[in-house]
**Q** 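Questions regarding the structure given below will be posed in turn.
So that the names make sense, note that chain A is the first sequence line, chain B the second, and so on, each numbered from 1. Scope of the values below: all heavy atoms of this structure, side chains included, with no hydrogens, waters or symmetry mates.
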Amino acid sequence: MNETSDQILTRRPIRENWFSRFQFPALLAITLVAIIIKFYLPRLIPHTEWLELPLLLTVYFGLMRRNQLASLLFGAFVGLAEDSLSPANIPIGMYGIAKTLVGYFAAAVSQRFNVESTLIRVVLSFFFYFFHAFFYWIMRRALLGQIVPFDPQETFVHGALNAAVAIPLFLILDRMRLAGTA
Amino acid sequence: MEALLSRFKNLTVLLIVIVAQLLYLAYQVKTARDERLIRVWAVSAVTPMAGIVEAIRRNTIGFLEDYFILLDTREQNRKLHAENDHLQMENIYYRNQLATAEHARALSVFQQQSPSKTVAARVIGNSTVVTAKAVFIDRGSTSGIDQGMAVVTPEGIVGKVTAVYPLVSQVLLVTDPTFKVGVESQKGHVHGVLNCGGGSCLVEQIQNEDKIDIGEWFYTSGEDRIFPKGFPVGKVVSSQPGQGTKDIRLSLSGAPGGVDEVLVILQGAHQQIPDAPKQEQAAVRMLPPPPSDTEAKDTQNSKPQTEADKIVQRYDALGKQEGHVYGGVGSNMPDFNRKPEGAIKPALNQESSEHQTAETAAAQTKSKPESLKTPAARESPPVLGARPQSKLATTNSGGTEKQSATKSSPVLPLGAPRHKQSPPQAQEPTPPER
């Protein structure tokens with residue numbers, strides 16, 4: 001590993017107390033907006049079921065917060081909120097568990113890599129989408145005994161699309177963060 | 001111990017959170033209970049916003065389209081669409097009921113049975129689970145909706161109600177991997193299970209020996225206790241023998257993923273599966289109405305089509321001209337060599353022909369039997385080829401006429417000796433020849 005890449009991967013951003021400036025109501029509002037978009041967008045624009053804004057939000061806060069405890073709790077909150085809008089044949093807690101793990105691992109990864117880099121953000125967004133979808137499918141089969149199909153190719157494409165959406169979304173959230181620190 | 005916990009604090013919390021959620025999951029699965037409180041809170045928080053967004057979208061985008069593009073056409077189209085859906089539902093019901101009219105008591109069954117009671121609803125949102133196919137509709141328990149009710153469109157089935165809230169309900173679509181529907185084929189009434197889990201819809205549990213044709217329709221069998229019997233499900237697009245059971249792929253007619261308005265069946269009524277193949281709307285066409293009787297007569301009389309028609313027409317004219325009734329008893333044989341009055345005669349032979357005609361007419365008037373001069377005989381001439389009757393018999397009236405005719409010429413068995421009879425008093429009319 002040369003100096004440049006090592007510098008990119010290990011360099012840490014300046015610590016900011018931005019998360020505290022994201023007040024709790026704002027955090028709640030953003031989560032609610034993300035869930036409503038996921039709930040309503042497919043009715044407005046067909047074939048947009050692949051967009052996982054709550055997951056991207058969990059990944060972003062995990063990467064930026066760098067606190068595993070807070071990130072896993074945030075992931076659990078977003079997941080349980082999503083679960084409450086899931087079909088009644090899927091019990092509450094499936095998304096909760098998956099997103100708890102995503103939040104925890106995102107925060108863990110953020111301590112190893114420079115998460116300000118767009119490339120790393122894209123790769124991590126894609127990875128966490130794939131992990132989330134695969135883990136959810138495993139849980140439905142193992143815990144609920146529901147035989148549901150898993151198409152790796154489709155998941156791969158959806159992951160790439162979500163990673164593409166993550167670039168502008170994370171930039172917008174970055175601007176909000178900077179505005180909060182100002 | 002404390003040092004260990006503080007060192008692995010994050011991991012410990014993670015494990016606690018995961019285990020807590022797993023236990024909560026296990027509790028739900030074990031008790032088969034739906035956590036209504038959490039879901040009611042979440043749905044109540046989200047659906048009003050979704051409803052507001054939907055209303056804004058409908059009233060802004062729809063408004064602009066109405067006034068700048070198609071001025072009020074959208075509203076009319078929506079009304080007509082709703083009316084059309086309702087009429088199609090009625091049409092399906094009545095068509096299925098009429099198919100049972102062959103049975104003796106079909107009429108009483110038809111009168112006694114009432115169509116399914118439904119309530120219309122609009123789809124306002126999707127589920128948050130990508131792989132699960134579920135939608136929310138804007139009708140809830142206040143509209144009489146209950147869990148397990150079937151959701152359909154006039155074209156086919158859509159899904160079932162899985163959760164009911166005061167103002168909205170959640171509908172699990174038939175395309176969900178966990179949804180199974182009992183179906184029945186139209187021709188052979190073969191029962192199977194519809195499963196749309198693998199991306200395409202398959203009808204399972206049908207043996208290879210059963211005959212299923214491509215294009216055959218499947219209807220709900222009513223065995224799943226969700227959908228009433230007789231609702232259209234879809235058409236077979238491929239049917240191949242598989243390992244043990246047939247591999248049948250179905251094209252759903254209801255298009256559950258793309259519906260905007262649905263009907264929730266509050267009280268289902270089972271219907272008979274029609275025997276006749278389901279008619280495609282495009283194949284129906286109206287033939288022109290048949291011509292009326294007067295038009296048909298005019299068409300027939302106006303122009304003879306063949307040589308035989310011309311001859312018949314000519315003979316008719318001759319018969320009228322000479323007062324001859326074909327098949328009439330006592331009517332002299334007409335002169336078929338004459339030309340009808342309407343025909344163009346050669347100028348040279350015109351006088352001689354007229355003279356001849358006058359003579360013939362006078363002779364016919366003299367030799368014409370009395371029976372033909374009576375109005376009754378003219379009005380109802382005897383049938384062509386009938387046995388010649390005597391003058392005495394024909395002059396009799398009413399029921400004695402037949403008896404006299406039978407007495408005068410008894411019917412002898414085949415091969416019986418025939419005795420020569422004395423000639424009757426009256427002149428025996430010559431049977432007409434044609």
**Q** Verify the neighbour count for atom CZ of A/F150: are there more than 12 heavy atoms of other residues, nucleotides or ligands below 6.0 Å?
**A**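 Above 12, so yes.
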**Q** The criterion is ring-ring contact (aromatic ring centres under 6.0 Å, His included); which residues satisfy it with A/F156, sequence neighbours excluded?
**A**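 Per chain and number, A/F156 pairs via ring-ring contact (aromatic ring centres under 6.0 Å, His included) with A/F126.
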**Q** For each of B/I18, B/L22, B/L14, B/V43, tally heavy-atom pairs with chain A at distances under 4.5 Å, and name the one with the top tally.
**A**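 Of B/I18, B/L22, B/L14, B/V43, B/L14 has the most heavy-atom pairs under 4.5 Å with chain A.
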**Q** Is the shortest heavy-atom distance from the side chain of A/L80 to the side chain of B/Q21 under 4.5 Å?
**A**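 A side-chain contact under 4.5 Å exists here.
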**Q** According to side-chain contact (heavy atoms from CB on, under 4.5 Å), who are the partners of A/P42, at least two apart in sequence or on a separate chain?
**A**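 So A/P42 forms a side-chain contact (heavy atoms from CB on, under 4.5 Å) with A/T48, A/E49, B/N126.
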**Q** With chain B as the partner, which of A/P87, A/P54, A/P91 has the greatest number of non-hydrogen pairs under 4.5 Å?
**A**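 The residue among A/P87, A/P54, A/P91 with the greatest pair count is A/P87.
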**Q** For each of A/L143, A/L144, A/L69, A/D83, tally heavy-atom pairs with chain B at distances under 4.5 Å, and name the one with the top tally.
**A**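 Sorted descending by pairs with chain B, the first entry is A/L69.
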**Q** For the interface with chain B, which of A/A107, A/G93, A/A133, A/S86 has the highest count of heavy-atom pairs at distances below 4.5 Å?
**A**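 Most heavy-atom pairs under 4.5 Å with chain B: A/S86.
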**Q** Taking side chain as everything from C-beta outward and backbone as N, CA, C, O, which of these in B/I124 sits under 4.5 Å from a heavy atom of chain A? Side chain, backbone, both or neither.
**A**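 For B/I124, backbone heavy atoms alone lie under 4.5 Å from chain A.
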**Q** Quick check: are there more than 12 heavy atoms from other residues, nucleotides or ligands sitting under 6.0 Å from NZ of B/K133?
**A**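 No, because the 6.0 Å sphere around NZ of B/K133 holds 12 heavy atoms or fewer from other groups.
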**Q** Considering residues at least two apart in sequence or located in another chain, which fulfil the side-chain contact (heavy atoms from CB on, under 4.5 Å) criterion with B/L23?
**A**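 With sequence neighbours excluded, B/L23 shows a side-chain contact (heavy atoms from CB on, under 4.5 Å) to B/V19, given in chain and number order.
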**Q** With a 4.5 Å cut-off on side-chain heavy atoms, are B/T178 and A/I90 touching?
**A**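 They are not in contact (no side-chain heavy atoms under 4.5 Å apart), so the answer is no.
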**Q** Considering all heavy atoms of both residues, which atom of A/V148 and which atom of B/P177 are nearest to each other, and what is their separation?
**A**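 The pair with the smallest heavy-atom distance is CG1-CB, 3.7 Å.
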**Q** So which residues of residues 94-104 of chain A are in contact with chain B at a heavy-atom cut-off of under 4.5 Å?
**A**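 Only A/M94, A/Y95, A/G96, A/I97, A/T100, A/L101, A/Y104 of residues 94-104 of chain A have a heavy atom under 4.5 Å from chain B.
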**Q** For chain A, which candidate among B/D176, B/V123, B/L172, B/V171 shows the most heavy-atom pairs at distances under 4.5 Å?
**A**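 So the answer, after comparing B/D176, B/V123, B/L172, B/V171, is B/V123.
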**Q** How close do A/A76 and B/V17 get, heavy atom to heavy atom, and via which atoms?
**A**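 Looking at all heavy atoms of both residues, the closest pair is CB-CG1, 4.1 Å.
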**Q** Between A/I92 and B/Q28, which heavy-atom pair has the shortest distance, and what is it?
**A**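 Looks like O-NE2, 2.7 Å.
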